[in-house]
Participant: 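I have a structure I would like to understand better, so I am pasting it below and will then ask my questions one at a time.
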Amino acid sequence: MKKKILVTGGIGYIGSHTVVELQNAGYEVVIVDDLSNSTIEVLDGIEKITGIRPPFVKLDLKDKEGVGRLFEAHAGINGIIHFAASKAVGESVQQPLKYYRNNIVTLLNLLDLMPSNGVQGIVFSSSCTVYGQPDILPVTEEAPIKPALSPYGNTKQINEEIIRDTLHAGAPFKSIILRYFNPIGAHPSAEIGELPNGVPQNLIPYLTQTAIGIRKELSVFGDDYNTPDGSCIRDYINVVDLAKAHVVAIDRMLGSKSGENLEIFNLGTGNGVSVLELIHGFEKATGVKVPHKIVGRREGDIEKVWANPEHANKVLGWTAKESLEDTLASAWKWQLKLRERGIQ
Ligand code: UD1
C-alpha cells in the first residue's frame with residue numbers, strides 16, 4: 001500500500017515542489033496549509049504536473065483540536081514533512097511573538113499528536129541560518145550553532161532542540177532535520193514556483209521582478225565584504241533538487257535502513273556564488289539585463305556561507321544536479337508565466 005505523507009505548508013514554495021516529487025514517487029499526500037502566505041491555485045499547478053489533486057485541508061496548525069481532527073479524518077498518516085512556518089526575517093524582528101507562536105506551537109502540536117496517531121516520523125525544514133557566520137567553509141553539520149540573528153532564525157534553532165529533546169525522551173518516532181541553503185528557481189513546467197507576497201525580500205524574486213520591469217532596480221546589499229567581488233556569498237540550490245531530497249529523506253526515515261532516530265543533513269550544492277555573480281549568471285542564462293545598484297549592507301546579513309553536502313551525498317545518496325544557469329532560467333520562465341496569468 002502507498003505510504004501516506006502529511007505535508008504541512010504544502011501550498012507554499014518548497015512545499016508545493018515537494019508534493020509534486022512525492023506524488024511522482026508514488027506517495028499519497030495530504031496537504032495542510034492555512035494559506036496565510038499562499039494561494040489555493042497552487043493546487044491546480046500540482047494537479048497539472050502530476051495528474052493528481054491531493055486532498056487539501058485549510059487549517060492553522062496552532063489549533064490543536066483541529067490537528068487532532070485532521071489526523072482522524074486522514075487516518076493512517078505514516079510520516080510528516082513540516083514546512084508550515086512564517087519565514088520573513090525582517091518581519092520576525094518586528095513581530096517576534098507572531099514568529100514564536102506560529103513556528104513553535106505548530107511543531108509542538110504535531111509532536112504531541114504523532115504517537116497516538118501512529119505517525120512514524122517527521123522531516124523538519126530547518127535552515128543554514130543556524131550556523132550564523134561559520135568559522136570554517138564549506139560548513140558541515142558538525143559546525144557549532146551560533147546565536148540567532150533574528151527571531152525567525154531562533155525559531156529554527158529552538159525547533160531543532162525541541163525535536164532533539166523529544167526523541168531523547170523516548171518518543172516513538174524518528175526525525176530528519178534538513179538544513180536548507182538558499183532554494184531558488186521553479187518547476188521546469190512553470191506550473192508552480194515562488195509567489196512572494198508584496199515586495200520580495202529575497203534576492204531571486206526581487207531580481208526577476210526587476211528584470212520584467214515591476215521593480216526599477218535591484219539593490220545589491222553591500223560590495224565591501226571580505227569576498228572576491230565584495231558582495232555576499234550564498235549556496236543557491238534548485239528547488240526541485242531540494243524537493244527530491246525530501247523524498248529520499250522520507251524513504252529513509254520510513255524504511256528500515258536508518259538506525260538513528262535523529263539525523264541532520266545540509267541541503268546545498270557545495271558551491272558559493274556571490275550576489276554579483278548571480279546577477280551576471282542570470283543575464284547570461286536569459287539574455288535579459290538586470291538594472292542594479294550597490295547600496296549599503298543589510299543588517300543581519302551573513303558575509304559568506306556555503307554547504308558541505310557530503311553527508312547528504314553519501315548517506316542519502318542525493319546530490320544537487322541542476323546547473324545554476326538552468327535554475328535561473330527556470331526562475332525567469334516562472335516570472336514570465338506570472339505575467340501571462342496577470343498575477344505579477
Ligand atoms: C534569508 C535568511 C535565512 C532564511 C531565508 C528565507 C538571514 C541571514 N538569512 O536568507 O535564514 O532562511 O532568508 O527567506 O536573514 N540581496 C540583495 N538584494 C536584495 C535581496 C537580497 O543584495 O534585494 C542579497 C543578500 O544580501 C544576500 C543574498 O542576496 O547576500 C541572498 O539574500 P536572501 O535571498 O534574502 O537570502 P538570505 O539572506 O541568504
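Ligands are counted one by one from 1 in listed order, and the atoms in each one are counted from 1 as well. Because the structure is predicted, anything quoted here is derived from the model rather than measured.
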Participant: Got an N/O contact under 3.5 Å between Arg234 and ligand 1?
Facilitator: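 Min N/O separation from ligand 1 is below 3.5 Å for Arg234.
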
Participant: List the closest protein heavy-atom neighbour of atom 38 (O) of ligand 1: residue, atom name, distance to the nearest 0.1 Å.
Facilitator: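 Protein heavy atom with the smallest distance to atom 38 (O) of ligand 1: Arg298 NH2, 2.8 Å.
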
Participant: Tell me, which protein residue and heavy-atom name are nearest atom 5 (C) of ligand 1, and how many Å apart are they?
Facilitator: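 Sorting protein heavy atoms by distance from atom 5 (C) of ligand 1 puts Asn202 ND2, 4.1 Å first.
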
Participant: Please check: side-chain N/O of Asn78 versus main-chain N/O of Val119, any donor-acceptor pairing under 3.5 Å?
Facilitator: no

Participant: May I ask whether Val220 has any heavy atom positioned less than 4.0 angstrom from an atom of ligand 1?
Facilitator: yes

Participant: Show me which atoms of ligand 1 lie under 4.0 Å from any heavy atom of Ser127.
Facilitator: 11 (O), 12 (O)

Participant: Take the angle between the ring planes of His280 and His292 and call it parallel below 30°, perpendicular above 60°, tilted in between.
Facilitator: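 Taking His292 first and then His280, their aromatic rings stand perpendicular (interplane angle over 60°).
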
Participant: If the cut-off is 4.0 Å to any non-hydrogen atom of Asp301, which atoms of ligand 1 fall inside it?
Facilitator: 25 (C), 26 (O), 38 (O)

Participant: With atoms numbered from 1 as shown, which atoms in ligand 1 lie under 4.0 angstrom from a non-hydrogen atom of Cys232?
Facilitator: 30 (O)

Participant: Determine the interplanar angle of the Trp332 and Phe282 rings, folded into 0 to 90°, and report it as parallel if under 30°, tilted if 30 to 60°, perpendicular if over 60°.
Facilitator: perpendicular

Participant: Quick one: ring pair (Phe, Tyr, Trp, His ring centres under 6.0 Å) partners of His246, sequence neighbours excluded?
Facilitator: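 Partners of His246 by the ring pair (Phe, Tyr, Trp, His ring centres under 6.0 Å) criterion, ordered by chain and then number, come out as Phe83, Tyr180.
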
Participant: Starting from atom 12 (O) of ligand 1, locate the nearest protein heavy atom and write down its residue, its atom name and how far away it is, to 0.1 Å.
Facilitator: Tyr152 OH, 2.9 Å

Participant: Hey, does Gly300 sit under 4.0 Å from ligand 1 if you only count heavy atoms?
Facilitator: yes

Participant: Check whether any heavy atom of Gly153 sits under 4.0 Å from an atom of ligand 1.
Facilitator: no

Participant: What is the closest protein heavy atom to atom 37 (P) of ligand 1, and at what distance does it sit?
Facilitator: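 It is Asn182 ND2, 3.6 Å.
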
Participant: Who's the nearest protein heavy-atom neighbour of atom 22 (O) of ligand 1, and how far?
Facilitator: Phe221 N, 2.9 Å

Participant: Checking the N or O distance criterion of under 3.5 Å, is ligand 1 in contact with Ile204?
Facilitator: no

Participant: Side-chain heavy atoms under 4.5 angstrom apart, residues restricted to Ile, Leu, Val, Met, Phe, Trp, Tyr: same cluster for Ile80 and Val7?
Facilitator: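 As far as the 4.5 Å side-chain criterion goes, Val7 and Ile80 are not connected within one cluster.
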
Participant: Just need the protein heavy atom nearest to atom 34 (O) of ligand 1, so name the residue and atom and give the distance.
Facilitator: Leu203 N, 2.9 Å

Participant: Measuring from atom 31 (C) of ligand 1, which candidate in Tyr131, Tyr236, Tyr180, Phe181 has the nearest non-hydrogen atom?
Facilitator: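 Going through Tyr131, Tyr236, Tyr180, Phe181 one by one, Tyr236 has the nearest heavy atom to atom 31 (C) of ligand 1.
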
Participant: Considering only heavy atoms of Val89, which atoms of ligand 1 have at least one such atom less than 4.0 Å away?
Facilitator: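 Reading through ligand 1 atom by atom, the close ones are 2 (C), 15 (O).
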
Participant: Can a cation-pi geometry be assigned to Arg179 and Phe265, taking NZ or CZ under 6.0 Å from the six-membered ring centre and within 45° of the ring axis?
Facilitator: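 The answer is no, since Arg179 fails at least one limit relative to Phe265.
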
